[in-house]
Q: 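Attaching a single structure in structure tokens format; questions to follow.
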Amino acid sequence: MNPDIKKHLYDVEVSITSIYEYLGEKKDFSDYLSNKLLRRAIEREIEIIGEAINRALKIDPNLQIENARRIVDARNWVIHGYDKPIKMDLLPLFQFSDLEP
């Protein structure tokens, strides 16, 4: 595998681990919505995840990543649509109660 792709996928892994750490045991979406610090931290990780996947796909467009387009769309929403309500088709990416490490 291309070393740049490995680096991007490692960044995704680190960001996912960070989100688990931020959420703790509860993993409650209402906590995410009501806690500005938590929300901003998680949104930053979503930016990193989406950008890393986007860059990896630019290197290898045939790279198989489940929901890659939706993940990149979530990154774009966080960056460009911060002042708009969350898009309903992105909500499944944010359902924390059923996350497992």
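We use all heavy atoms of the structure for the numbers below, so side chains are in, but hydrogens, waters and symmetry mates are not. Since the structure is predicted, the reported quantities are computational estimates derived from the model, not experimental observations.
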Q: Hey, could you give me the CG/CD1 distance between L57 and I65, rounded to the nearest 0.5 Å?
A: 4.5 Å
Q: Between D11 and I48, which heavy-atom pair has the shortest distance, and what is it?
A: O-CG2, 4.3 Å
Q: Flag the pair R75 and E51 as a salt bridge only when some basic side-chain nitrogen lies within less than 4.0 angstrom of an acidic carboxylate oxygen.
A: yes
Q: Nearest 0.5 Å, please: how far is CD1 in I53 from CZ in R70?
A: 12.0 Å
Q: What pair of heavy atoms forms the shortest contact from V72 to G50, and how long is it?
A: CG2-O, 3.6 Å
Q: Measure the CD1-CZ distance between I5 and R55 for me, rounded to the nearest 0.5 Å.
A: 13.5 Å
Q: Mind checking the CD1-CD1 spacing from I42 to I19? Nearest 0.5 Å is all I need.
A: 6.0 Å
Q: Between L9 and M1, does a side-chain contact (heavy atoms from CB on, under 4.5 Å) hold up when you go through it step by step?
A: CA-CA 11 Å; L9 295 179; M1 179 179 290; 3.9 Å; yes
Q: Say you draw a straight line from CG of N2 to CG of L63; how long is it, rounded to the nearest 0.5 Å?
A: 10.0 Å
Q: With no hydrogens and no angle check, is any side-chain donor or acceptor of Q64 less than 3.5 Å from a backbone partner on N62?
A: yes
Q: State, with a plain yes or no, whether a side-chain heavy atom of H8 is found less than 4.5 Å away from one of I59.
A: yes
Q: In Å and rounded to the nearest 0.5 Å, what is the OG to CZ distance from S18 to R44?
A: 11.0 Å
